[in-house]
Amino acid sequence: MKSPLRLDIYRRMLTIRKVEEAVADNYSKQQMRCPIHLSIGQEAVPAVLSAMMTHQDRVYSSHRCHAHYLAKGGNIEKMIAELHGKATGCAKGKGGSMHLVDASVGMMGSSALVAGSIPLAVGSALAIQRAGKKDLSVAYFGDGGSEEGIFYECLNFAALKKLPVIFACENNLYATYSHQSARQSVTDISKRGAGFGVPSERVDGYDLKAVIDSCTTAVERARSGQGPTLLEFMTCRWRDHVGPDHDYAVGYRTEKEVAEWMDRCPLKLLEAELLKSGELTSADKLQTENLIKTEIETAFHRASQSPQPFTPETFDDIYA
Amino acid sequence: MKSPLRLDIYRRMLTIRKVEEAVADNYSKQQMRCPIHLSIGQEAVPAVLSAMMTHQDRVYSSHRCHAHYLAKGGNIEKMIAELHGKATGCAKGKGGSMHLVDASVGMMGSSALVAGSIPLAVGSALAIQRAGKKDLSVAYFGDGGSEEGIFYECLNFAALKKLPVIFACENNLYATYSHQSARQSVTDISKRGAGFGVPSERVDGYDLKAVIDSCTTAVERARSGQGPTLLEFMTCRWRDHVGPDHDYAVGYRTEKEVAEWMDRCPLKLLEAELLKSGELTSADKLQTENLIKTEIETAFHRASQSPQPFTPETFDDIYA
Amino acid sequence: MTSTRKIAGWQAVAEATVQAMEADPKVFLMGEGVDDAKGIFGTTKSAFDKFGSARVFDLPLSESATTGIGIGAAIEGQPCIMVHARSEFLLLAMDQVVNHAAKWRYMSGGAFRVPIVIRCIVGRGWGQAAQHSQSFHSLFSYFPGLKVVLPSTPYETKGLLYSAIQDPNPVIFIEHRWLHNKEGEVPLRPYSLPLGRANIAAEGKDITCVAISYQVYEALAARDLLAKQGISMEVIDLRCVRPLDRVTILRSVAKTGRLIVTDIGHSQFGVSAEIAAMVSSDGFDFLRAPIRRVGLPDAPTPCAPALEASYYPTTQDLVNVAKDLMGRTAPKAKAPSEERESESPAFSGPF
Amino acid sequence: MTSTRKIAGWQAVAEATVQAMEADPKVFLMGEGVDDAKGIFGTTKSAFDKFGSARVFDLPLSESATTGIGIGAAIEGQPCIMVHARSEFLLLAMDQVVNHAAKWRYMSGGAFRVPIVIRCIVGRGWGQAAQHSQSFHSLFSYFPGLKVVLPSTPYETKGLLYSAIQDPNPVIFIEHRWLHNKEGEVPLRPYSLPLGRANIAAEGKDITCVAISYQVYEALAARDLLAKQGISMEVIDLRCVRPLDRVTILRSVAKTGRLIVTDIGHSQFGVSAEIAAMVSSDGFDFLRAPIRRVGLPDAPTPCAPALEASYYPTTQDLVNVAKDLMGRTAPKAKAPSEERESESPAFSGPF
Ligand SMILES: Cc1ncc(C[n+]2csc(CCOP(=O)(O)OP(=O)(O)O)c2C)c(N)n1
Ligand SMILES: Cc1ncc(C[n+]2csc(CCOP(=O)(O)OP(=O)(O)O)c2C)c(N)n1
Ligand SMILES: [Mg+2]
Ligand SMILES: [Mg+2]
């Protein structure tokens, strides 16, 4: 494993964690008046994938898009402003938490319809291929997203055309409060790629080395014209499906279940490793943390100061 | 193989072949003013499956529904009247060739939307299971139908609930004039069942013994509460996608390709076998053929004599 | 004597569901999350608690197939209730609803019935944004074979849902999220309200206001304000868009001569257009003033609270339109100038 | 000087496609069967012959995904043309069209354009029946973010399709199957017709008839018959339902005082309702008679020729309605009796 890559991944993960915690902490102030689906606990996969991507590479996401946006390098100020419904937001306040977008870094947007953006990512890959480029496109979706028929249509099409797309399924075992086993006859989602000739793998999303290895292969496959990959990453969302809180009280899963994942937190483990190996010094760590902290504080401050959009803007951006 | 079963299958196949040929022969008279998708060449599978079903068992079909209707015991007179747009038709003239239905024998109807009736068959199976019955339900669809996402959603749901449904895919290699390889990354459709835990098999649809064996297993599985089966039957449509003619002139397939299937015609081969083994005498054969012939002639005659529906009937049967 | 008590809209939904399931043991209920702790805003919880997983069960996120599965079971005589936490999810099943549920009876020459109720909830507020806030009653109403119901008060909600579940036809039952929290007097016993009859929620003589779903509350509030200014507005709770109760609307307009239609959906190409068109044809001679529509403007739903605030029609909008209609001195309008209104957003709605 | 020749509607589609693909090398075309020998009634054949499989390719039967894939490619700046041999297949992609294509630009605050044209063909006759004969322009017109075009003559067809392909927004382009065989003079060169401007196909002074798609031909035929009886009907070819050209319609009604809207879709809850509603509001004072609509009755499409024959509106229907409007002595209507029209099928349309 190349050291700069691991440091890059670390920084991305840390950024996501810190921004998400800040969102959670500030949510009760009722200034972010939109539903939020936090990514805390699911930082590793997008951090790794984005570390292997350029801004020309494309990402499409779902309702749970914060990590994907941040990992891809999406602008933090614009994200926080968007959550605050401000005109300075990444979607000018039109989108909110479920529709984060930053075209300048290849974050192409997020759909609040489960699995709804998977074909858009495939279309992006088609465009890349038609243009003869070496870029790739990533479709993020959850275990629930794998239940929508459109996903299989996309697997078939992408394999048929050998498109440079990675189907990145973050399997956190639940759709809202419904366990995967109540919804799927075979819970190993990666088993469904074979029927379409899509190389597929189930990966422990908390095992950073495994994530890096599988992503490396998938990215190479895409860039070398060998077509799509389906990666199923086992992961865990630490907070409630929607909202800032822990959700043990709801009763669908135990605190112990989540705690076992937390014990293996890839951010914590990577940090410890990097410190131990000397790739990261305590001073670096502090500096990085402070930088992120400042960036977040600035973002929240600016968001609170930013103007609201005006009523006539409701009618902007409907047509080009 | 039990002899009565083979005779039963023979009779069903012969009926389908003869009715379809009569439809084709009479079509140019322009009295059947609706698009027809003939089943000639695809008789074996529905004949076998229906021979194993009672009238309580359910069948749902697609645009190419003639064989499914006839095999299931659908009324011939009502079918021919329906094609003639008569009030005496199986759907009172409302449906036409693509919507054959005969509730009295469990032929539950046909959808002209590719794959559109698959979930209805699964819903039927759900109702059967909920009622604690031992009946089963069959969803017929083509290779093209397997490309619709809803098919995979249905595989998952049926397997999850262990529903008594058979997914009967008639793979005739084409959707209209488009070869399967232009549309599917993996052409072995039966390979896609495994990812959902649905026992699946590709069967030579012209090998009657293989068809009988696979259907026997699937029917037993369904009746014994062990859940769904996906059967992919390789078969061939001898005529044009739509309309009464041969279609070699269109240029998407050769006469030779079709001729190779015709050489293996399961109806012809079965008839020869039955005659040879003495299960069928020449006299029986003649009698059966004459019976069918008379039935068809009567059906066409009555259809021509039957009344047209009246305009106000346009507004019947919209609501119950 | 009928005993009633005050309950909220979500409780009315829950109660109608339980009572209809008691009345007909074949009825079952399915939907994503119907059996979880929150039970679709509480609306399915009591049914799950009472009938268990044999009759109330969770679904995979496969709206297209599961809708078809519900249709298939309904055709077998097992009435199905489906729930979507947001209407948008139902668009994935559009083919099943429009090409199958609505037409299966017709295409089979009346051989089958399709008793399925598809509940869907319309989001509003707290930044639901463009994909979690739409209502599609205008789409579904286009199709013969469907019934389309939008209840208002808890009383209407319970009675209409009870009827919808017993109806042998596919019914799209659209619940505005804000109605779940509205309270009202509701009989304990099961009861039906006819599908296809509008209700005169409050009488009046100067203006008829046909209101749909949540807008019934807005219209009643506007009526109170207008009354103080000497304007008497009749409020018709439409309850059902299909079948459309033309007679109740026309009788009212025959009396008042003025019509406002207020809808939770877009005005343009929405249900209010059909009502206006119908009255402008069949009630032409009753009309003393132009028909006015008060609904969503011609834009997707924005997320930001600042934009949401002006996006939704308010009581005051209704008051203004009503006063405008009353104050109208009926000057002959001129032919429009070359300036093309369609280019001005202000033209798109009453905002 | 512009050289024109007589070509059929399907050739106009083919020609606009080829010329737009020549004009912009990024444009591509995909659809089920676009590359086969029949090439979607001939409309895609010349493009395939000319540009080959890199730019014109077949699709799996996966309408939902392939629509989304077209949207995704369009977002990348590669304008996409999709074709559905029947409109019904597009319902499988309703979520992609409504929740994604129509809203992606809006939800991203204007970051992207979505230049996709979705062609879909409306079947009629020879027993197409309920699932192969519908047009959904009223559904799509409901959604801001979409444009909805229905051409009539070959001239309109070519110019409007050429514009649609060059438009940076999602356009639903609806072709009535019978228009493919209609012939007309069409310039050889590429040309654009503006999306959102109706065309006065023939002037008149007594009645305005707004006609959509194939109904333009019916309206023009009716106009000829009416002329012989001294009635002068202006025929407006709407061309585009969204954006709706209100001004052209209002100016015409300001002149004639009478309006008929004739549509290839259902009258009830259809596009004709919006036009009637708009005129009854903004053109209230122009109206001398009730607005009448001539479209499909409130029933699914039956298969039998005997039923099809009376299902579709004819030239004679238009003539009758027009004469009725002219003969109207404007008696004050009475409030409707208790008999409920909604229970009588005869109430559902002009049949
Ligand atoms: C098509 C559709 N169906 C249902 C929903 C409601 N819904 C929102 S998030 C969610 C759960 C999604 O689960 P999963 O895909 O595993 O993603 P996760 O929330 O676990 O990240 C559901 C059912 C939706 N938004 N879209
Ligand atoms: C959803 C949908 N898409 C497209 C069509 C148009 N269409 C009708 S039949 C057909 C080919 C179907 O192929 P297959 O499923 O293999 O059945 P076959 O005709 O070979 O029996 C197509 C594309 C349709 N009817 N429905
Ligand atoms: Mg999940
Ligand atoms: Mg086929």
Side-chain angles (χ1 to χ4, degrees), chain A residues 58 60 78 82 87 89-96 98-104 107-113 115-131 137 139 148-158 160-161 163 165 309 313-320, chain D residues 25-28 30 54-55 57-80 82 92-96 98-116 143-147 167-171 195-196 242-243:
Chain A
R58 306 313 208 182
Y60 276 93
K78 290 186 176 176
E82 187 65 29
C90 61
K92 301 185 190 161
K94 300 255 175 66
M98 295 196 285
H99 305 296
L100 297 184
V101 60
D102 189 339
S104 69
M107 175 71 196
M108 305 297 285
S110 320
S111 176
L113 275 296
S117 69
I118 300 177
L120 306 193
V122 176
S124 211
L126 175 66
I128 290 167
Q129 185 189 64
R130 294 190 70 249
S137 172
E148 298 286 359
I150 201 167
F151 167 51
Y152 302 96
E153 298 181 350
C154 285
L155 284 179
N156 179 50
F157 188 87
L160 180 69
K161 302 282 181 194
L163 297 182
V165 59
E313 291 170 39
T314 302
F315 300 94
D316 292 343
D317 304 323
I318 303 175
Y319 293 100
Chain D
K26 286 192 173 152
V27 175
F28 69 103
M30 61 186 198
R55 291 181 69 190
F57 53 86
D58 198 12
L59 287 179
L61 280 57
S62 308
E63 291 81 3
S64 186
T66 55
T67 302
I69 289 165
I71 297 166
I75 290 171
E76 295 291 345
Q78 300 191 8
C80 173
M82 283 196 79
L92 281 83
M94 198 71 185
D95 167 57
Q96 284 300 316
V98 165
N99 288 327
H100 296 85
K103 297 180 172 62
W104 210 255
R105 177 174 180 78
Y106 194 76
M107 297 192 313
S108 67
F112 305 112
R113 301 170 160 214
V114 188
I116 183 170
F143 296 99
L146 299 179
K147 297 190 176 181
D167 199 278
N169 300 290
V171 179
L195 305 185
R242 172 180 275 276

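A note on names: the letters A, B, ... follow the listed sequences, proteins ahead of strands, and every chain is numbered from 1.
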Taking every non-hydrogen atom, the tightest pair across [X] and [Y]:
X      : Y      : value
A/A103 : D/A111 : CB-CB, 4.4 Å
A/E153 : D/A65  : OE1-N, 2.8 Å
D/Q78  : A/A131 : NE2-CB, 3.9 Å
A/S117 : D/W104 : CB-CH2, 4.4 Å

Looking at [options], which one has more heavy-atom pairs under 4.5 Å with chain D than the rest?
options                        : result
A/G109, A/G89, A/G93           : A/G109
A/K94, A/H99, A/R130           : A/R130
A/A115, A/C154, A/G116, A/A121 : A/G116

By a 4.5 Å heavy-atom criterion (distance strictly below it), what part of [X] contacts chain D: side chain, backbone, both, or neither?
X      : result
A/D316 : backbone
A/S110 : backbone
A/F151 : neither
A/A112 : neither
A/M108 : both

Name the region of [X], side chain, backbone, both or neither, that has any atom closer than 4.5 Å to a heavy atom of chain A.
X     : answer
D/L92 : neither
D/K26 : backbone
D/P60 : side chain
D/A54 : backbone

Pairwise distance [atom1]([X]) to [atom2]([Y]) - rounded to 0.5 angstrom:
X      : Y      : atom1 : atom2 : result
D/H100 : A/Y60  : NE2   : OH    : 10.0 Å
A/L126 : D/T66  : CG    : OG1   : 11.0 Å
D/L195 : A/Y319 : CG    : OH    : 10.5 Å
A/S111 : D/K103 : OG    : NZ    : 10.5 Å
D/I69  : A/I150 : CD1   : CD1   : 8.0 Å

Practice problem: Please tell me if the side chains of D/F112 and A/D317 come closer than 4.5 Å, counting only heavy atoms from C-beta onward. | Solution: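 SC-SC contact between D/F112 and A/D317 ruled out.
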
Quiz item: Can you check whether D/Q96 reaches A/L120 side chain to side chain, under 4.5 Å on heavy atoms?
Solution: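 The answer is yes; the side chains approach within 4.5 Å.
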
Practice problem: Answer yes or no: are there more than 12 heavy-atom neighbours, outside D/R113 itself, under 6.0 Å from its atom CZ? | Solution: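 Counting neighbours around CZ of D/R113, 12 or fewer heavy atoms of other residues, nucleotides or ligands fall under 6.0 Å, so no.
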
Quiz item: What do you reckon, is NZ of D/K147 surrounded by more than 12 foreign heavy atoms closer than 6.0 Å?
Solution: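 Correct, the count exceeds 12.
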
Exercise. Answer yes or no: is there a donor N or O on one side and an acceptor on the other, between the side chain of D/Y106 and the main chain of A/G95, under 3.5 Å?
Key: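 Not confirmed, D/Y106 side chain does not pair with A/G95 backbone.
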
Quiz item: Looking at residues at least two apart in the chain, or sitting in another chain, which of them share a side-chain hydrogen bond (donor to acceptor under 3.5 Å, both in side chains) with D/N99?
Solution: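 For D/N99 the side-chain hydrogen bond (donor to acceptor under 3.5 Å, both in side chains) partners, ignoring immediate neighbours, are C/Q134, D/D95.
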
Quiz item: Is a salt bridge present between D/E76 and A/R58, judged by a nitrogen-to-oxygen distance below 4.0 Å?
Solution: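 Counted as a salt bridge, because a side-chain N and a carboxylate O are separated by less than 4.0 Å.
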
